[in-house]
Each structure stands twice: as structure tokens, then as C-alpha cells.
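Remarks on the structure that follows.
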Amino acid sequence: MAQDLMKKLTLLGAAAKFDASCASSGGGRAGRKGQLGNAHMAGICHTWAADGRCVSLLKVLMSNACQYDCAYCQNRRSADTERATFTPEELSGLVIEFYRRNYIEGLFLSSGVCRSPDYTMELMVRTLEILRQTYRFGGYIHVKVIPGASTELVDAVGLLADRVSVNIELPSRASLSLLAPQKTPEKIFRPMDYIRRAQTMNLEDRRHFAHAPLFAPAGQSTQMIVGATGDTDLTILRLSQGLYRKYRMKRIYFSAYIPVGTHAALPPGGSQVPLLREHRLYQADWLMRFYDFTPDELLSDAEPLLDSALDPKCAWALRHPEQFPIEVNSAPYETLLRVPGVGVVSARRIVAARRQCVLRLEDLRRLGVVMKRARYFLTARGAFGGNMLPGSPFLRDALAERPDDGQLSLFAPPPSPGPALPPAADKPAAPTAPRPAVGAGAGKPLLGPPHDLVV
Amino acid sequence: MIWLYDGGWEGLLTAVFHVFAQKDDEASLCPQRRFPGHSLFPVRTVEADPTRAGRVARGMARLSPLLPRVAYRAFLSERPEFEDALLGTLRLGFAGQTDPLPLRHVEPVRRLHRFSEDVSRELVLFMGVIRLVHAGGDLYAADIEPDTFVLPLLGRHFHGRFGTQRLIIRDRKRRLALVSTPEEWLIAALPDGPLPPLPEDRTIGDMWRAYFAAIANPARHNPALQRRFVPGRYRRHITEFQNFPSQGDT
């Protein structure tokens, strides 16, 4: 019995790894008497897998049997792969045993479409009910809604989970109909829209009734695949902005396409995984959410792809030398954020420190400013630290990231996709750093005409 | 003047009280365990006094709401330079009657923040990587070897999360243990002598190891990044990084 369960766990855990979302943040739930567990608002990383990514939740599929035949997916109906399905009792028991030992913050549950969207969702709802009601589980639960599921089941899942999400998968209507014809836009956006409206109604209910149950308190998120089609970065970022505004998304995840399919419209097996492009998109996404940039400031129809040698903020600063240099002792917070090398944390520290004293150039590094980039774009008490002005034609070269820099790189040259991991020997030529540090690497984005926007 | 204190938080605050009450500008503080026994400078020993310690704590909170928390965490870092950093920061704050914490570019404040952040970083890491083993009934246990004394900060988190279980988390370096029951939690000293090994908990441990090995994406293999987040010195007590002869090399 334990052997069967171990086999299901490895199969369904491995099948779930292409879902990039792993955060356990956004939902705080205090521990209560008789309840097992609580939820930490900022989320907790429990371990890091061999690919360097954080593991916070037990991320598994309910079932990797699937009725759909999406060309980019390793679990598609036509793929020759071993299939398994958890029972709700098995999965909830496993979650509790792992949670008791502090292996995980909670559960991330997605699934292939087993028999029908509603049948699959019912299995997932039953698992959550056992966790919340039988085991009195107070930890974090993130559930993926199956496209095409009925509203009643989306509602049931929202009342049991902390975060709910529906994957948008591909950035345009045309790509969806070509590569995943069974996932129509209507099947994806109807549950997204329902979740947003249910959250609004829930907020209203809680104003009037102190004990109204919470609906998805950690909000909703989504994921799209990057590099499978010819959609440009500008298309993707405009779509992201639309999703954040219209559906109040908490996060949008980008997942670099790893060739698994054989469709004529997809990159062939063995082609390079666009990890650098994914990294630049995350940087751009951060700029939109925390630094008040818009997609049209970062890119344009004439240049719809993000620069691979520079992070998007540097690229923007080089295109707008008239905005610089700015004086750190007087510039407003929003302007400080636009300086390459100044992030949210260092901008806040500058604003707090300058209330009490005048800052000099040598103080800025100690406040967390990355002077290697920032020195070309700011002054302190009028003193300028760069050896060339913001408009200089040589500045781009000085700022561009190079693979042989002493600076750490996120990307070792990726091996061709295959089941076996390479041996754990170090490659000194490819040191690494965590996101969102800048990194050099290869990985040319695919070019192609922009498709019409889905939103 | 060298002011000796017992090594505890209240003793430290009492010593700070005396330093400022006597207006000792050349003061340095030292916990008794670190004092070599002799010095060219005059030495005074301070007994912990809750009333005076309370006055200092309230004074710090009036200067800056975050200062007591930052100072306490820096204290838990057990760094020898901590006392000087604390005194320097307090002098800066009390002299100008302003919050000294934003002045991170000034040396004593920068150090205080750094020591405090070292502790915070280890706290967040251990909240995640502590691996409990089932020791029978509702008792779960774990071993850790942290660089800083994070055990008191872990107590609140683990007591709040695992209120239906009894826990023992042993800090092997300091010979102290966090003991948590549904009613309360406390820090206790471990007895002398070698510590008994924890039970193995193979069934669930093996499941976790198998899952962990299956989830890495081969196209993004990155052991150096993994090592940066989970340094080698912590891996001995983390289930998925432990080698089991029956499973072959991990």
C-alpha cells in the first residue's frame, strides 16, 4: 500500500512541476485551539529543489489522466505516459503527515481533466473538505480551477482554499485555438470572472456579518507559457496589465516553454528553453507592480521585445537620459525608484535617512544602493560619481551584463531536456544567484507577428 | 570602564542603565562568559535589575518603536561586537533625541542592523527547514545547529502552528531545547553527556525524499543556487538532504 502511494506521489509530483506558482503568501490565518496549523502572511520556503526553486507547498496533481490534448503539455491525452489518480483520503492523509513534520506550508492542487471538469473538481473539493473539516487543517491551500468547471464547484473550492487560480496558458486567442482547442477562452475567463465577483461580494458580506466565511482570502493568480508561440513581450505585458486590473490578480506567473510536444507550430524538441526571457518578463512584471511602470513605457510597437543584455529599468533609463541625474536628497520617492540600482528597499531607506541628515555618495552604498549602476544616474549634494553622463553612447556597454562577469548568473547553460539529472559536479564557469538579481545568459526569444489580444 | 553583565537581556539593559546614569563615555559592556578574568581597565559587575531594565526598554521604545526588536535580535546574534554597536546606536539616538535606526550609513547603526538581520534570516530559514520526526504518540522532535540563538524566536511560531502536538527542538550547539505543549512553551537546558539520536521515521521520510527528488526540473538544474539557499552546514538535519545507504547516493 505504502509502495503504491509512494509511486503515485512521485508520478503526480513530477507531473505538477510545470506549474510555476509556489507561493504560500497572501493569506494569514492565526492558529486556534484544536486546529492543526496556521498560515504565515509572508509565506515560508521549506526547501529548495535541485533546480534552485523554492518549495513551499506540496505541489501535486489530483490526477494526470486527461481528456484534453493540449499540444504543449506532457500530460496530454495522446502522450504515452503512466497515469495515476489520488483518492481524496490518500492525498489529505499525506498532506497532514507532511505538515505535522514541518515539511510544507500546505497544499497546491492542480489536475488533468479526469473524465470531466466537474468530476475532477468534485474530487478536489472532497480532498479539501477532509483537510479542513475532518483534520481541522489551518495551513495554506492553493487550488487550480479546471477550465470548464461549473460555478457551484468554483464557489465550493473558494470557501475552502486560500488562493484559487485558473491558468490562462497562452497569451492570445489564436494560440489557444491552435494548441489547446478544448480550452476555449470562455472556459478560462468565466471562472476568473466569477472569482473576482465572489471576492467583491464576500468583502461586502464581511462588512455586515462578522462571521461570514472567507472566499479565497489570498486572492487569485494565473500562469502563462512563454516562448511556445510568437507572441511578443509587449503583448504579454499588456495582457498582464489587463489581468491585474480587470481580475485583481495577485500574481501572474510566466513559465518558460520546455519542448515536450510535436505540434508543427511549437518549437522542436531540443530547442533552447527561454529562461532569460522568462527572467526579463518577471523583472518587467515587478516594475509594473511596485515601480509604477506601464508596458508602453518599457516597450513599444517598434521594439516589442525586452533587451536580453540589460534589465528593463536600465533599458528605460538609457532611453530617457533627460530625466537624469536626479539629486537623492530632494527627489521624491517615485523618482528615486526610477534610478537603476535603487530598489524599493533602498528608496525607502534613503527617504527615511535624509529626514535627519544630508546624504553623501559614499553613504548610499551602505543604504543598499547598487552604485555600480546608480552612479551614472544620481547626484548626492551635487556630487556625481559616474565617469560618463547619462546621455553618453558608451554607457550601454558599461551597464550591459556579460556572461563572464564576476557577477553571479542565474543560468547555467541548460542541458537538453531529458529525464535524468546530470551529475552534481560544480561548473565554476556558471555560478548562480537568486531572483530578481540580474543575470547573463543565452536564450533568444522567438520572433513572430503579434496575435490579437485575448483580453 | 568595563561593565560585566550576566549574559541575559535584562542584565544587558541594566548595564546600559548604569552606563548612561554614570555618564560613562568610555564604557564597554561584556557578558561574563566572554570576560578573560583580568583587564587593564577598571571592571564593575552588574546584577540584573528588572526595574532599571524596564526603564531602559521604555526609553528605547520612545526613541524608536522598532529599536527594542532590532536590539533584541542583534543580541541573539551573540556577536562579540554587538555591545559596542548597541551603545553607539543608543548614544546617537539619546544625544539627538531622534530615532537612530534610519541612519544605516553610520557604523554602529549599520552593524546593529546587520546582526539583527542575520538573526532574522536564520529565523525565517529555520521556520522552513526544521524537520520534525515522529517520536511516538503526539510527540515530535527535531535537531538544529544554528549560527545564532534563534530558539526563543522559533518558540512562538512553532507553538502557534503545532498547538495540537508536543514538540522538542534541540539546539545541539548550545545544549538547549525548545519544549512546546498545547498549554505553553519554554526553553530548557539539555542534560550533560551525548544526546540520544532521534528516531528514524522512515515511512514518511522516504515518501518526502522520493517527492523531493521527483520535482526538480532537469532543464533548470542548478545545484549552486540550491547551495546558496541551503548551505551545507545545515543539511545534516534536513530529511531530504540526508543520505540513506538503502537508497544509494542522493
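Every chain is numbered from 1 and lettered A, B, ... according to where its sequence line falls, protein lines coming before strand lines.
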D363(A)/R360(A) salt bridge by N-O under 4.0 Å criterion: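 Looking at D363(A) together with R360(A), the answer is yes, because their closest N to O distance falls below 4.0 Å.
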
When you measure from the side chain of [X] to the backbone of [Y], do you find a donor-acceptor pair of N or O atoms at a distance under 3.5 Å?
X: R209(B); Y: T239(B); result: yes
X: R101(A); Y: E97(A); result: yes
X: N329(A); Y: L359(A); result: yes
X: N102(A); Y: L132(B); result: no

Taking only heavy atoms into account, what residues of residues 71-97 of chain B are found under 4.5 Å from chain A?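 None at all.
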
Positions in residues 109-116 of chain B that reach chain A, provided some heavy atom is under 4.5 Å away: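 So the qualifying residues are R110(B).
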
Enumerate the salt bridge (charged side-chain N to carboxylate O under 4.0 Å, His left out) contacts for residues 129-142 of chain B, please, sequence neighbours excluded, ordered by first and then second residue. R131(B)-E240(B), D138(B)-R166(B)

Would you check if the distance from the ring center of Y103(A) to the ring center of F212(B) is below 6.0 Å? no

If the condition is salt bridge (charged side-chain N to carboxylate O under 4.0 Å, His left out), which residues does E82(A) pass it with, not counting sequence neighbours?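 E82(A) satisfies salt bridge (charged side-chain N to carboxylate O under 4.0 Å, His left out) with K7(A) only.
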
Examine whether an atom of Y140(B) lies under 4.5 Å from a heavy atom of chain A, and if so say whether it belongs to the side chain, the backbone or both; otherwise answer neither.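 The side chain, not the backbone.
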
Kindly determine whether F98(A) and M207(B) satisfy side-chain contact (heavy atoms from CB on, under 4.5 Å), including the steps that lead there. CA-CA 9 Å; F98(A) 282 177; M207(B) 296 259 211; 4.0 Å; yes

